[in-house]
**Student:** 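Sharing a structure here in structure tokens format.
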Amino acid sequence: IDEITRGPGMILVYVFSAILLTLSLVIQGHTSFDVIRIAGVKPDLIFIVVVYLSYSFGSFYGEVTGFISGLFHDAVSNSPLGLLTLPKVIVAFIVGRMGRSVVHGGIPTILILLFVASLIKGVITLILAGLFHTASISAVFHVIIPEAFYNALLAPPLFALFDRLFEKELEREGNF
């Protein structure tokens with residue numbers, strides 16, 4: 001808990017995180033966002049934000065934002081409650097454990113990080129969907145891998161934008 005309550009600067013991190021997650025959820029759920037589908041797949045903006053927050057502010061912060069955003073994502077989709085939440089929490093834990101102190105962010109690193117994180121999220125989601133008898137192994141090639149590429153391609157510019165937004169707190173923590 002100590003990593004979350006590090007001072008007044010974190011209040012802005014909370015506010016900006018809530019705004020980013022809310023915007024991501026609105027964009028993700030809005031039908032006009034379907035325009036950027038490539039081969040029937042669109043990026044998971046909510047997931048990209050959760051990975052960024054985990055990467056930048058640690059495991060606990062990532063898990064909390066992954067849980068909250070996952071519940072909201074489940075609520076606005078027609079998936080069973082928890083189907084989109086659990087994978088985000090698990091990946092947030094893993095990425096947060098590595099974080100900026102272990103994985104220094106250059107464009108290739110961020111591409112690989114988001115690609116692998118998206119694959120892990122996709123496989124966990126596929127396993128959970130299998131529990132509800134709605135999984136198909138073809139989803140690996142038609143959804144999971146294309147979404148992983150899409151998320152990875154969007155991550156570097158979004159991470160750069162988010163770094164600017166959280167610049168003061170990242171500098172204070174020595175992560176920038």
**Student:** Minimum heavy-atom separation for Leu21 to Ser69, with atom names?
**Tutor:** CD2-CB, 3.9 Å
**Student:** Would you give me the side-chain donor-acceptor pairs under 3.5 Å for residues 149-162, sequence neighbours excluded?
**Tutor:**
| residue | atom | partner | partner atom | Å |
| --- | --- | --- | --- | --- |
| Tyr150 | OH | Ile36 | O | 2.5 |
| Asn151 | OD1 | Asp44 | N | 2.9 |
| Asn151 | ND2 | Ser118 | OG | 3.0 |

**Student:** Give a yes or no on whether Val76 and Ile68 share a hydrophobic cluster (residues Ile, Leu, Val, Met, Phe, Trp, Tyr; joining criterion: side-chain heavy atoms under 4.5 Å apart).
**Tutor:** yes
**Student:** Do Leu20 and Ile27 sit in the same hydrophobic cluster, where Ile, Leu, Val, Met, Phe, Trp and Tyr count as joined when their side-chain heavy atoms come under 4.5 Å apart?
**Tutor:** yes
**Student:** State yes or no: do Val50 and Ile124 share one hydrophobic cluster built from I, L, V, M, F, W and Y residues joined by side-chain heavy-atom distances below 4.5 Å, directly or via other members?
**Tutor:** yes
**Student:** Which atoms form the tightest heavy-atom contact between Val91 and Lys121, and what is the distance?
**Tutor:** CG2-N, 3.9 Å
**Student:** Nearest 0.5 Å please: distance from the CG atom of Leu83 over to the NZ atom of Lys88.
**Tutor:** 9.0 Å
**Student:** Tell me whether Val26 shares a hydrophobic cluster with Val15, the cluster being built from Ile, Leu, Val, Met, Phe, Trp, Tyr side chains joined at under 4.5 Å.
**Tutor:** no
**Student:** Compare every heavy atom of Pro87 with every heavy atom of Thr125, then report the nearest pair and how far apart it is.
**Tutor:** OG1-CG, 3.3 Å
**Student:** Taking the side chain as every heavy atom from C-beta outward, state whether Leu25 and His73 have any atom pair closer than 4.5 Å.
**Tutor:** yes
**Student:** Could you walk me through whether Ser24 and Phe47 pass the side chain to side chain contact (heavy atoms under 4.5 Å, CB included) check?
**Tutor:** CA-CA 9 Å; Ser24 299; Phe47 181 70; over 6 Å; no
**Student:** How far does CD1 of Ile90 sit from CG of Leu128, to the nearest 0.5 angstrom?
**Tutor:** 7.0 Å
**Student:** Would you confirm whether Ser56, through its side chain, and Leu53, through its main-chain N or O, come within 3.5 Å as a donor-acceptor pair?
**Tutor:** no
**Student:** Does a side-chain N-to-carboxylate-O contact under 4.0 Å join Lys168 and Glu171?
**Tutor:** no
**Student:** Other members of the hydrophobic cluster containing Ile127, with the 4.5 Å side-chain heavy-atom rule, please.
**Tutor:** Val123
**Student:** Taking all non-hydrogen atoms of both residues, which atom of Ala92 and which atom of Ser54 are closest, and how far apart?
**Tutor:** CB-OG, 3.2 Å
**Student:** With sequence neighbours left out, what residues match Ser79 under side chain to side chain donor-acceptor pair (under 3.5 Å)?
**Tutor:** Asp74, Ser77
**Student:** Find out if a path of hydrophobic residues (ILVMFWY) with successive side-chain heavy-atom gaps under 4.5 Å connects Leu114 to Ile94.
**Tutor:** yes
**Student:** To the nearest 0.5 Å, tell me how far Ile48 CD1 sits from Ile110 CD1.
**Tutor:** 11.5 Å
**Student:** Between Leu113 and Met98, which heavy-atom pair has the shortest distance, and what is it?
**Tutor:** CD1-CE, 3.7 Å
**Student:** List the atom of Ser59, the atom of Glu63, and the distance in Å for their closest heavy-atom pair.
**Tutor:** OG-OE2, 2.6 Å
**Student:** Would you give the length of the straight line joining atom CD1 of Ile120 to atom CZ of Phe115, rounded to the nearest 0.5 angstrom?
**Tutor:** 11.0 Å
**Student:** With side chain to side chain contact (heavy atoms under 4.5 Å, CB included) as the test, would you mind laying out the steps for Leu170 and Phe57 before giving the verdict?
**Tutor:** CA-CA 8 Å; Leu170 292 171; Phe57 299 108; 4.1 Å; yes
